[in-house]
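Remember, predicted model here, so these are calculated numbers, not experimental data. Side chains included, hydrogens not; waters and symmetry mates left out as well; all remaining heavy atoms used. Every chain is numbered from 1 and lettered A, B, ... according to where its sequence line falls, protein lines coming before strand lines.
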Amino acid sequence: MNKVFQKGEWEKVIDVRDFLYHNLIPYSGGAEFLKGPSEKTKKLWDICKNLLKKEAAAGGVLDIDTKTIATAVSHKPGYIKKDLELIVGLQTNEPLKRAIKPYGGIQVVEQACEDYGKKLDPKVKKLFTTYLKSHNQAIFDAYTEEIRKYRSSGVITGLPDNYARGRIIGDYRRVTLYGIDRLIEEKKKDHAGKTGSMTDTEIREREEIGEEIHALDLIKEMAASYGFDLSKPAQNAKEAIQWTYFAYLAALKEQDGAAISLGSVSGFFDIYIEKDIAEGNLTQEQAQELIDQFIIKLRLVRQLRMKEYDQIYAGDPTWLTESLAGMFLDGRHKVTKTSYRFLQSLYNLGAAPEPNITVLWSEKLSQKFKEFCAKVSIDTSSIQYENDDLMREIANFDDYGISCCVSQQKMGSQMQYFGARSNLPKVLLLALNQGKDENAAVVLVPGISPQPERALDFNKVMAEYKKTLSYVVKVYVNAMNIIHYMHDKYYFERVQMALLDTDLDRLMAFGIAGLSVVADSLSAIKYAKVTPIRDEDGITKDFVIEGDFPKYGNDDDRVDNIAKELVDSFNEELKKHQIYRGAKPTLSVLTITSNVMYGKKTGATPDGRASGEPFAPGANPMHGRDSRGAIASLNSVAKIDYKSARDGVSNTFSIVPRALGATKEEQTDNLVALIDGYFHKKAQHLNVNVLNRETLLRAMAHPEEYPQLTIRVSGYAVNFVKLSREHQQEVLARTFFESMK
Amino acid sequence: MLQVHSIETFGTHEGPGIRLVIFMQGCNFRCLYCHNPDTRSLKGGTKMSSEEIIELLKKQKPYFKDTGGLTVSGGESLLQRKALLDLFTKAKKLGFNTTLDTNGSILDDDTKKLLEVTDLVLLDVKHIDPVWHQTVTSASNEPTLRFAKYLKEINKSMWLRYVLVPGYTNQKEFLEKWGAHFKDYKNIDRVEILPFHTYGFYKYKELGIENPLSDCPVPTEKEIQEALTIFEKYFKSVYVR
């Protein structure tokens, strides 16, 4: 029996979504068909575990190639153990060996090498200091004095100005479905269509398409070095996975942006897998083996980072985010057996932070699938959930991936300019201090009136806050426009862009950190009596709070509405500005793990938070201030309007297993109901950790016993033992919902 | 008005599914193993109206699915039975499941009225032996047993609960007797063994009162299994919490 693909528009034009729409067969059954790891997989993973152990013992980096500037074809083929590998391809010629990518910035590469006891090849350094220009250098040529001041004060931080921006998801599936030759042909057509007056725009576009065509050739060349011909479409499941992986690998070789996400491949792979199974060419065991082996490859992806980078993005993450399940716009769900197979890999290989498994949750998904997800969450703490009903309905498209943690991107035709976040508590402190930075007493915002003596008045504070915000956003947009202009120019993501439409819908993603701190601060000012203690220069050093005030995280509208309005007003400010390349501004309430570092750089705040104390992550309420249990806390976060934060609203939920219920069955049911309820409230994202505090304490004392202990932080997962002591303590301090009974 | 000690929005141990649990202030028992000693006093807590609690229920509705709902616990809920009648009547009218967690020590007309608008009773029968019950709770078990019998008569769904405390409530002969006493109650949907735990110990310190069981060990797996085996002889559905 030979199954053929259902025909559709996808044959005429490049449209993977249309292929999925006609060929994906939703699976509504349970997990009973799943298989354990194959012998080959077990042997291969054992070798990898050993390598990972060596990597940890070596201080986090096993090896660096300090000489070869990475491109898709810079390194000879690499293998873990060739005869055990079903899916092949490594970033360099050896597993876990990291490559240098100096286009983002030469200093960080040099520093990263030094941090791990290596020396960057002087020739490379000379090349980038004498002959070539990096993204980083270009940005600092263009930065204003003001942006530099903002950067060093920490009002705006984590900007991708000395490293690559990442976040762009190539539609890697295109290589599988169409083969490289067809993709080149289409890009050539686009190139030929860009004629007429050669304005800046036209010239740039023509140059970029040229680069993309070159990149497609390089993917082909790289695959050929492994003995594969990618010129034509994949013919079976193994090839389907291999082709997609090669395309992704090319991106991972060339770029080292913070997050280089995978997109949404599991349903796509499923079409090939089920076809092979139906034709008798693949068994259930072999299907699982292919997925496990693909996942092993993703778990070995490494980028070279400075140690300092760890302060913002702890635990050496790569955000290889794979989004699975969700619904089609026509009401069919997209759960496939391969959605299950991806989740099963967390059992077959053990828990792990990468790939960053993201379940696109809909209330309409089958109960069986939801229960399986909940079970995997309880067992591994390795999954995050995002509200497909909300995102699909607002965006009105159904084939999308999550980039990094919480950012929705339409597959194939949308891209994002990523840009870190603004420290919102600092904005508030600027407003209270006549525009002066609370730590350096430098004026960052002109024209801010002093607050009257004695207790703070809510309306007066808000008036200055609004002025301050408006100014800060202006500087933020300026910085972002410069950064992305330069990134396009000096570190263009030719591989990813080659796998996207030529004419793109562009988003520019802004962010805020410390939302709960500011919401509580304003609530304290409004409902209690808050008197600043100022130093001799009139800068706030601390605050005296008399009386109680409503705190974000207790489902209390008085303060939750303040939080909501903070997000709305930031988003409104963004809309006032002209954004680079016609991009639409979006906003996230997401900190990654930078909530610790941001807190460190921020003085005492009117909510009673001491100077230097960490913020809560993402949109989470502050630790220990939510006193009515998990649902009240979730309901507070759910009030943040996703329409004002289309780049995502991150919430990390940690609970001890007992508090979910007494039996495994109750725990599963309650977790499903919890996620359903939260998303019904129109919340967007939930990280779920089901862990005992004691386990974490034991892992801190004996890290060697917990190499795979995974926890979800802010939109991604990390190996707990890879976190710094500070980050570990912050995780412990974070509200763990425990049972009162 | 209700005198409320605290609220747990994600209750998973006080009835089926996800519960909004209202812990009431005030208790008439003095259980040695009490894990909420801060709820004992009739004074303290926060005054809340039925309407306020109904509002909380409404906010939580999407989480309840087919099973969850409202549970009133304590303290001892029945001390505020009149006010609870108002709350449960309103909650039921809106379709919320109402569950009463109680020691069953009060059975009067008000309690009976309350039971009419109660879907499920979680009844703690803390010891079957009158002398031991007195020791463990400083109160007689006779009213509780009468309460249980009344629930049987009106065929009210109930979960029987038993706190297992080594040296106090784990005597095999009494566990057998406990099982035998209730085995023919058709209204028992499930029996729950609640192994004694130390999570509430810090509250004794905070309150500055003596914790009579500060040296008491938690039950071992073996002790829990023994109790489970005994109860399973008498009941179909026994759970350990």
Side-chain angles (χ1 to χ4, degrees), chain A residues 363 367 370-371 378 387 389 548 553-557 560 626-636 638-639 653-683 686 690 692-694 735-741, chain B residues 4-23 34-36 38-39 46 52-53 55-69 71 73-75 101 122 124 159 161 163 190 192-197 199-200 202-203 224 237-241:
Chain A
E363 282 190 86
Q367 187 65 19
K370 288 179 182 177
E371 283 169 10
I378 292 164
N387 188 348
D389 292 333
D548 203 6
N554 295 291
D555 200 1
D556 185 330
D557 284 347
D560 296 348
D626 34 7
S627 60
R628 283 192 166 182
I631 288 178
S633 174
L634 293 175
N635 281 355
S636 281
K639 287 175 205 168
F653 175 76
S654 301
I655 192 160
V656 301
R658 222 188 99 76
L660 269 181
T663 63
K664 198 74 185 267
E665 199 190 335
E666 276 181 19
Q667 292 175 357
T668 307
D669 289 350
N670 287 337
L671 184 53
V672 168
L674 189 85
I675 299 169
D676 268 340
Y678 183 54
F679 286 165
H680 188 88
K681 291 260 175 184
K682 304 212 178 295
L686 194 65
V690 185
N692 277 312
R693 206 191 286 266
E694 292 71 33
T735 304
F736 258 90
F737 292 101
E738 297 183 53
S739 164
M740 295 182 78
K741 273 244 166 184
Chain B
V4 173
H5 170 266
S6 58
I7 286 171
E8 170 58 55
T9 52
F10 187 56
T12 54
H13 292 273
E14 296 84 5
I18 294 176
R19 324 285 312 174
L20 172 69
V21 187
I22 311 294
F23 293 95
C34 180
H35 62 264
N36 286 334
D38 45 344
T39 64
T46 318
E52 282 174 82
I53 291 168
E55 278 313 303
L56 296 180
L57 270 176
K58 285 182 184 165
K59 285 180 176 192
Q60 250 183 269
K61 198 171 177 183
Y63 298 87
F64 291 149
K65 299 290 194 75
D66 302 331
T67 46
T71 295
S73 182
D101 184 7
L122 311 180
D124 272 24
W159 292 8
R161 316 230 283 177
V163 183
R190 66 152 88 179
E192 293 192 328
I193 297 170
L194 315 175
F196 168 69
H197 61 70
Y199 305 147
Y202 74 95
K203 295 180 185 172
I224 294 169
S237 159
V238 186
Y239 289 80
V240 178
R241 288 223 157 261

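Residue A:Glu665 qualifies as open at atom CD: its count of foreign heavy atoms under 6.0 Å is 12 or below. For B:Lys61, the NZ atom sits in a loose shell: 12 or fewer heavy atoms of surrounding residues, nucleotides or ligands are nearer than 6.0 Å.
Interface residue A:Tyr678: backbone and side-chain heavy atoms are both found under 4.5 Å from chain B. Proximity to chain B is absent for every atom of A:Ile675, based on heavy atoms less than 4.5 angstrom apart. Within the 4.5 angstrom heavy-atom criterion, no atom of B:Val21 approaches chain A. Interface residue B:Lys65: only side-chain heavy atoms are found under 4.5 Å from chain A.
To the nearest 0.5 Å, the span separating NZ on A:Lys681 from CD on B:Gln60 amounts to 8.5 Å. Here the CZ atom belonging to A:Arg658 is positioned 4.5 Å from the OH atom belonging to B:Tyr199, to the nearest 0.5 angstrom. In this structure, CG on A:Asn670 lies 10.5 Å from CZ on B:Arg19, to the nearest 0.5 angstrom.
Heavy-atom pairs under 4.5 Å with chain B peak, among A:Asp669, A:Asp676, A:Asn635, at A:Asn635.
In terms of heavy atoms, A:Leu674 sits closest to B:Tyr63 at O-CE2, 3.4 Å. Across all their heavy atoms, A:Ala659 and B:His13 have their closest contact at CA-NE2, 4.2 Å.
The shortest distance between side-chain heavy atoms of A:Leu634 and B:Phe10 does not fall below 4.5 Å. Between A:Asp555 and B:Thr9, every side-chain heavy-atom pair lies at or beyond the 4.5 Å cut-off. When side chains are defined from C-beta on, B:Leu56 counts as touching A:Arg628, because their heavy atoms get closer than 4.5 Å. Using a 4.5 Å heavy-atom threshold, the side chains of A:Leu660 and B:Thr12 count as separate.
Remark: A:Asp626 engages A:Asn554, A:Pro621, A:Ser633, A:Thr735, A:Phe737 in a side-chain contact (heavy atoms from CB on, under 4.5 Å) (not counting sequence neighbours).
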